[in-house]
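One structure is given here, and the rest of the page talks about it.
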Amino acid sequence: MDPLFANLNPAQCEAVRHVEGPMLVLAGPGSGKTRVVTHRIAHLLREGVRPREILALTFTNKASEEMKLRVETMSPGSRVWVSTFHRFGARLLREYAGFVGLTPNFTIYDTDDSRQTLKRVIEAGKIRTAHYSPDRIAAAISAAKNQLITADRYEPRIGSPLSQIVAEVYPAYQQRLLASSAVDFDDLLLHVANMLYVNDDVRAELDERYRFILVDEYQDTNRAQYVMVRAMSVDHPNLAATGDPDQSIYGWRGADIKNILQFETDFPQVRVVRLEQNYRSTKAVLRVADQLIRSNMRRKAKSLFTDNAEGDPVKLVQYSTQDDEARGIADQIAAGIAAGRRPRDFAIFYRVNALSRVLERGLREHGIPYQMIRGQEFYQRKEIKDVLAYCQLINNPRDDQATLRTINTPVRGIGRKTIDRLSEFAYQHGISLLDACREAGQVEGLNARAIKSVAQFAALIDRLSLLAGAALEEILGTILTETKYREGLQDSESEDDLNRLANIEELLTDARQFDEAHPGGGHLEEYLENAWLVNETDSWETESDKVTMMTLHAAKGLEFPVVFVVAFEQGLLPHERSLNDDEQMEEERRLAFVGITRAKEHLQLSYAVHRDFRGQRRRTVPSPFLLEMPREEMELVSIGAPGGWDVPTDWEDVHDLHDDSHHFEIDPAVDDHGVEAEAPTEDDDSFAFGANAAPAPAKSIPASQVTTAARLAGAKPLAASGISPDAFAQGMTVMHPEHGPGKIVALSGSGANRRATVKFATAGERRFVLAHSPLRPAGR
DNA sequence: TCAGCTCCAATTTTT
DNA sequence: TTGGAGCTGA
């Protein structure tokens with residue numbers, strides 16, 4: 001049999017066999033998407049397509065590396081152009097720099113550099129930003145760029161003070177970037193998209209050059225990326241997009257899910273292939289994922305299925321506290337390892353990085369090796385950026401940001417005042433800051449000492465610039481010596497500085513390796529581009545045998561035998577900032593979906609009743625997403641929640657209680673547990689766990705109706721908890737294991753006879769003998 | 001210039 | 001609770 005089609009299912013075959021014309025591959029999680037893409041490339045090559053005519057675009061370096069590797073395996077020696085969008089943008093821009101007002105040696109600013117630049121622009125222009133932080137303004141500019149709105153076309157919106165400010169800042173910022181011959185990340189796409197849009201000759205040339213374009217994770221493209229690939233697919237509309245709208249989780253970064261949802265409108269003659277068979281997860285895992293994502297309205301319905309085993313039921317665990325959660329997970333991992341699993345089989349996902357600390361502690365206590373994946377590290381470190389800034393300046397002397405970074409690092413007595421005067425001079429004469437340094441003698445207000453220091457700095461840069469064509473290690477080494485940067489750190493005794501020194505050594509090693517791969521020197525720019533466009537997330541140690549901890553966002557594209565997703569709590573997952581926006585809520589749901597579908601064999605979802613957040617212990621509300629899952633088939637577990645089950649509720653219910661305070665006479669008819677004889681209540685919505693959990697309703701329940709009652713035999717009476725009945729006060733919100741939160745509307749008696757009348761959201765008013773009741777002040 | 005203080009805010013982060 | 005930014009005094 002043809003090896004290209006061996007072991008492929010019919011849908012996969014169809015996608016692989018496709019040659020000309022647009023194609024959309026809707027690929028569910030674990031459906032063998034990468035395989036399809038690489039096999040298709042091999043097939044195209046076999047059909048006579050020249051390798052250089054094929055362009056495969058990905059979002060991450062990781063995905064790009066992976067694809068390169070697999071293309072190389074399938075089609076050895078082929079020179080298919082596999083790249084990230086940004087790297088591709090950078091490459092085109094170097095070729096066509098003049099078209100957009102850049103020089104080919106332009107610098108790429110990372111978020112930090114562009115933020116600094118923005119601040120300088122605001123300061124220099126004395127632009128009043130009201131209460132808007134530079135970050136807010138930067139985000140707005142970035143959003144505009146993602147939507148392909150250039151600085152000259154930005155229109156402030158009436159009634160939006162932020163947009164008024166942006167209208168002023170954005171053009172100035174953009175001008176400053178161009179003056180420095182620099183771009184920010186967004187520009188790598190914006191400039192290219194804009195050029196293609198404006199210049200049809202260039203567009204046609206590139207359309208011709210890249211006749212076959214493949215885009216991975218199409219659901220994450222933003223408008224600029226969309227225009228890029230669209231523009232290059234006019235004369236040769238052989239655009240193949242693969243993606244999954246259900247895994248679109250970067251809407252907040254400008255990804256426009258409409259790009260994939262409307263692909264068919266865009267290319268009416270498109271061939272649509274659905275990859276719905278999942279080869280990754282068990283049936284049990286897949287059903288939970290599928291059921292959850294069905295609650296999203298904005299999607300292309302897909303039916304996920306698998307021939308894999310049924311597997312264990314998905315576990316949903318309620319822990320009492322975050323510490324219990326961490327410990328409980330660590331225990332399970334330790335037990336798993338003892339039973340023969342490898343640490344690398346396990347992964348823990350969370351919504352926000354802040355949740356990682358307690359989990360780390362749990363693993364450390366067990367001595368379990370782990371690795372945490374966090375974005376941007378190495379190249380973001382101060383010392384690395386300092387040294388690279390010199391390289392940047394050698395490569396692009398107009399780069400004012402690099403000049404500012406290096407001019408007094410290490411300290412050479414050039415202070416703020418001096419720099420301000422130099423900047424002013426540069427601005428007035430329309431020259432770069434470095435040129436201003438060369439003319440320090442002409443600058444008004446500089447004293448002799450300052451002039452000397454500045455002149456020395458300029459001379460230093462000129463000296464270093466002679467090295468531009470040398471090997472990287474030599475360039476970096478010379479910088480470190482000539483600037484006395486290394487000396488300064490070596491003399492220090494602080495641990496931080498020793499660390500910095502170690503990092504710098506690492507940079508030198510890095511440079512040496514680069515030199516080995518790029519013999520002959522003259523590759524400074526290439527090296528810098530790597531530093532700019534690569535971050536440490538990409539160096540995730542796939543091989544090392546450790547438990548992996550990462551955010552849900554970082555988890556996309558990965559898979560693990562055993563997965564834990566923690567903190568399924570209202571406010572965290574979904575995140576509080578998404579709660580009042582339907583579209584954002586759907587994105588949060590997709591995020592949960594992504595996390596769930598990473599699991600191959602075992603999956604545990606959990607939440608904690610109490611969580612310390614921002615220094616405060618809070619009682620949590622379980623995530624509404626849990627209600628959208630098929631709980632009747634999941635294994636529901638409650639661990640270490642003494643005497644008090646958490647009660648998910650809607651805060652409005654609690655507020656309602658405060659409006660209403662009837663007083664009732666004490667009714668002595670109370671039972672042994674201090675609870676009044678059971679009155680018929682409207683059946684709760686059963687967010688119940690355990691043996692007597694009620695079957696879950698088939699349809700999902702909106703968050704506002706979540707009113708749980710977790711029935712638990714043996715909720716401890718107050719007397720056994722050490723809380724005094726006197727701890728209660730009129731108007732206080734209390735928790736009841738069955739009825740949930742309630743407000744105390746009346747109190748009477750004292751000590752063991754102290755009674756309370758409590759009004760509950762759904763159960764109405766009840767009376768309790770406090771000492772015998774399971775009531776607790778809210779939050780305890 | 002820099003250390004040390006106070007105050008404030010607090011996702012996610014492909015590049 | 002933590003971390004960053006901005007301010008102040010030496």
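In what follows, chains are A, B, ... by sequence order, proteins preceding strands, each numbered from 1. Predicted model only: the values in this text are computed from it and were never measured.
In this structure, A/Asp581 places its CG atom 14 Å from C1' of B/dT11, rounding to the nearest Å. Atom CZ in A/Arg253 sits roughly 9 Å away from atom P in B/dT15 (whole-Å rounding). Rounded to whole angstrom, the span from the CD atom of A/Glu587 across to the C1' atom of B/dT12 amounts to 9 Å. In this structure, A/Ile108 atom CD1 and B/dT15 atom C1' are separated by 9 Å, rounded to whole Å. Taking atom CD of residue A/Gln247 and atom C1' of nucleotide B/dT12, one finds them 16 Å apart after rounding to whole Å. Counting to the nearest Å, the P atom of B/dT13 and the CG atom of A/Asn222 are 18 Å from each other. Distance NZ (A/Lys62) to P (B/dT14): 9 Å, rounded to an integer number of Å. A/Arg115 has its CZ atom 11 Å from the C1' atom of B/dT13, to the nearest Å.
For A/Phe263, the ring-ring contact (aromatic ring centres under 6.0 Å, His included) criterion is met by A/Tyr218, A/Phe267, not counting sequence neighbours. A/Arg230 meets the salt bridge (charged side-chain N to carboxylate O under 4.0 Å, His left out) test with A/Asp266; sequence neighbours excluded. Residues that satisfy the salt bridge (charged side-chain N to carboxylate O under 4.0 Å, His left out) test with A/Asp612, not counting sequence neighbours, are A/Arg617. Residues meeting the ring-ring contact (aromatic ring centres under 6.0 Å, His included) test with A/Phe514, sequence neighbours left out: A/His518, A/Tyr527.
Taking the P atom of each, C/dG4 and B/dT13 are spaced 16 Å apart, rounded to whole Å. Comparing C/dA5 with B/dT12, their C1' atoms are spaced 23 Å from each other, to the whole Å.
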Practice item. Determine, for nucleotides 1-7 of chain C in 5'-to-3' order, which nucleotides have protein heavy atoms under 4.0 Å from the base (write B), from only the sugar-phosphate (write S), or from neither (write -). Key: BSS----
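Judged by atom type and distance alone, A/Arg577 does not reach the base of B/dT11 through any side-chain donor-acceptor pair under 3.5 Å.
Ion pair A/Arg614/A/Glu576 flagged as a salt bridge, since at least one NZ, NE, NH1 or NH2 atom sits closer than 4.0 Å to an Asp/Glu carboxylate oxygen.
Aromatic pair A/His575/A/Trp252: ring centres not closer than 6.0 Å.
Both A/His575 and A/Asp186 lie close to DNA chain B; mapped to their nearest nucleotides by heavy-atom distance, the more 5′-ward contact belongs to A/His575.
Summarising the local packing, CZ of A/Arg364 is surrounded by more than 12 heavy atoms from other residues, nucleotides or ligands at distances under 6.0 Å.
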Practice item. Could you walk me through whether A/Ile293 and A/Arg299 pass the side chain to side chain contact (heavy atoms under 4.5 Å, CB included) test, one step at a time? Key: CA-CA 9 Å; A/Ile293 203 65; A/Arg299 66 188 291 253; 3.4 Å; yes
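Under 4.0 angstrom from either OP1 or OP2 of B/dT13 there lies at least one side-chain N or O belonging to A/Thr551. Between A/Asn353 and B/dT11, a side-chain N or O to OP1/OP2 separation shorter than 4.0 Å is absent.
Proximity of a side-chain donor or acceptor of A/Asp256 to a complementary backbone N or O of A/Gly251 within less than 3.5 Å is not detected.
Here A/His553 does not count as stacked on B/dT12, because the ring centres are not under 5.5 angstrom apart with planes under 30°. Put simply, A/Trp252 does not rest on the base of B/dT13: the two rings are not both less than 5.5 Å apart at their centres and under 30° in tilt.
For A/Ala554, the listed nucleotide lying nearest its side chain is B/dT13; candidates were B/dT13, B/dA10, B/dT14.
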Could you pull out the protein-nucleic contacts involving nucleotides 1-6 of chain B (nitrogen or oxygen on both sides, under 3.5 Å)?
residue : atom : partner  : partner atom : Å
B/dT1   : OP1  : A/Asn408 : ND2          : 3.2
B/dT1   : OP1  : A/Ile414 : O            : 3.2
B/dT1   : OP1  : A/Gly415 : N            : 3.4
B/dT1   : OP2  : A/Arg416 : N            : 3.4

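Residue A/Glu66 forms a salt bridge (charged side-chain N to carboxylate O under 4.0 Å, His left out) with just one option from A/Lys62, A/Arg70, A/Lys68, and that option is A/Arg70.
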